[in-house]
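Report on the following structure.
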Amino acid sequence: MEDSSQVYEFYQRPTWDEYFLMLAKLAATRSTCLAFPVGAVIVKNKQVLATGYNGSPSGSAHCTAQGYCYPGLSSCDASKTLPSRAVHAEANAIAQAAKHGIPTGGASIYVTLEPCLSCLKLIISAGIKEVFYETSFNSGDKALVRDSFVEEGLVTLTQIHLSEITAQKAAQFLLNPTSVARAVGCINEP
């Protein structure tokens with residue numbers, strides 16, 4: 001028989017932040033960018049409004065399909081002069097919301113990588129007030145500009161991570177069927 005702490009741990013639900021970050025991480029699995037797979041989820045009132053991932057523009061050849069971003073370059077970050085071909089995950093999520101007539105004012109966005117300054121300006125212009133991200137990106141002068149937007153009260157930025165328990169449970173759910181009866185002892189059993 002399992003002890004009650006094991007049963008509780010198995011049934012412990014992810015926090016809302018972890019839940020939406022996991023959705024962003026799943027969106028990132030659709031990325032066609034060779035350098036940085038990134039996913040984004042726009043949320044309002046605990047409901048998903050739109051998702052996005054980074055990759056070449058709709059209708060353009062995917063970098064993952066051709067095996068390169070530009071002929072002779074393995075990925076966009078291998079060049080100091082050529083710009084990335086990718087539309088960023090945040091921009092794609094905002095574009096999806098716009099395409100389907102979904103307002104984003106007052107929403108939050110969860111991203112696997114802290115938004116670049118261009119995406120952060122787009123997020124602010126779309127009326128998204130909160131950014132939750134997993135991995136830091138901006139530094140130096142870019143961080144100064146980012147921080148000025150925060151100080152002006154235009155947006156808040158919060159770095160978040162998955163707990164080990166949540167990550168392990170998510171892996172179990174991804175690797176095994178989830179909609180099957182489980183033989184788990186009752187917490188109240190002697």
Side-chain angles (χ1 to χ4, degrees), residues 14 16-71 73-79 81-139 142-143 145-146 149-150 154-162 170 174:
W16 284 109
D17 287 342
E18 288 177 319
Y19 173 69
F20 294 125
L21 179 59
M22 285 191 293
L23 292 177
K25 289 168 88 68
L26 281 175
T29 67
R30 293 281 305 154
S31 172
T32 63
C33 178
L34 295 168
F36 291 102
V38 180
V41 177
I42 300 173
V43 175
K44 188 171 184 179
N45 299 325
K46 297 184 176 129
Q47 296 296 310
V48 174
L49 302 181
T51 65
Y53 52 87
N54 62 330
S56 52
S58 239
S60 181
H62 295 302
C63 299
T64 52
Q66 17 181 64
Y68 58 85
C69 296
Y70 295 106
L73 287 179
S74 59
S75 70
C76 293
D77 65 342
S79 171
T81 57
L82 290 171
S84 171
R85 292 182 64 237
V87 177
H88 291 186
E90 305 91 328
N92 271 324
I94 291 167
Q96 281 299 311
K99 185 176 182 178
H100 296 288
I102 301 168
T104 56
S108 302
I109 190 167
Y110 289 79
V111 290
T112 58
L113 182 66
E114 178 188 359
C116 69
L117 289 182
S118 293
C119 285
L120 188 57
K121 291 184 280 187
L122 182 60
I123 286 166
I124 292 166
S125 293
I128 297 171
K129 297 296 182 188
E130 297 177 307
V131 176
F132 297 91
Y133 65 93
E134 181 178 46
T135 304
S136 295
F137 178 73
N138 294 306
S139 60
K142 292 178 182 178
V145 174
R146 175 205 61 207
F149 294 149
V150 171
L154 301 174
V155 68
T156 63
L157 290 114
T158 306
Q159 188 171 19
I160 59 174
H161 299 283
L162 295 180
L174 290 171

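The figures that follow rest on heavy atoms only: side chains count, while hydrogens, waters and symmetry mates do not. If you read the sequence from its start, that first residue is 1, and numbering goes on from there.
Here Ser118 contributes atom OG and Lys142 contributes atom NZ; the two are 8.5 Å apart, rounded to the nearest 0.5 Å. Between the CD atom of Glu90 and the CG atom of Leu122 there is a distance of 8.5 Å, given to the nearest 0.5 Å. Note that CZ of Arg146 and SG of Cys116 are 12.5 Å apart. Values are rounded to the nearest 0.5 Å. We find the CG-CG distance between Asp17 and Leu162 to be 10.0 Å, quoted to the nearest 0.5 Å.
Residues Leu113 and Tyr133 approach most closely at C-CB, 4.2 Å, considering heavy atoms. Scanning all heavy atoms of the two residues, the minimum distance from Ala28 to Pro37 falls at O-CB, 3.9 Å. The shortest non-hydrogen separation linking Ala93 to Ala40 is CB-CB, 4.3 Å. Heavy atoms only, all atoms of each residue included: Leu49 and Ala107 are closest at CD1-CB, 4.1 Å. Summarising the geometry of Ala91 relative to Cys119, their closest heavy-atom pair is N-SG, 4.4 Å, with the distance given to 0.1 Å. Taking all atoms of both residues into account, the shortest heavy-atom contact from Leu120 to Leu157 is CD1-CD2, 4.5 Å.
In this pair, Phe36 and Phe137 present their aromatic rings perpendicular. The plane angle is above 60°, beyond the 30 to 60° band. Aromatic ring orientation, Tyr19 versus Trp16: perpendicular (interplanar angle above 60°, classes split at 30° and 60°).
For Asn138 (side chain) and Pro115 (main-chain N/O), a donor-acceptor pair under 3.5 Å exists by modelled atom type. With Lys44 contributing its side chain and Gly105 its backbone, the two residues share a donor-acceptor pair below 3.5 Å. Between the side chain of Thr104 and the backbone N or O of Ile128, no donor-acceptor pair lies under 3.5 Å. Here the side chain of Thr32 pairs no donor or acceptor atom with the backbone of His62 at under 3.5 angstrom. In this structure, Asn54 contributes its side chain and Val38 its backbone to a donor-acceptor pair below 3.5 Å.
Contact check for Tyr110 versus Leu23: no side-chain heavy atoms found under the 4.5 Å cut-off. Using a 4.5 Å heavy-atom threshold, the side chains of Thr29 and Tyr53 count as separate.
When Lys25, His161, Gln159 are each tested for a side chain to side chain donor-acceptor pair (under 3.5 Å) with Glu134, only one passes: Lys25.
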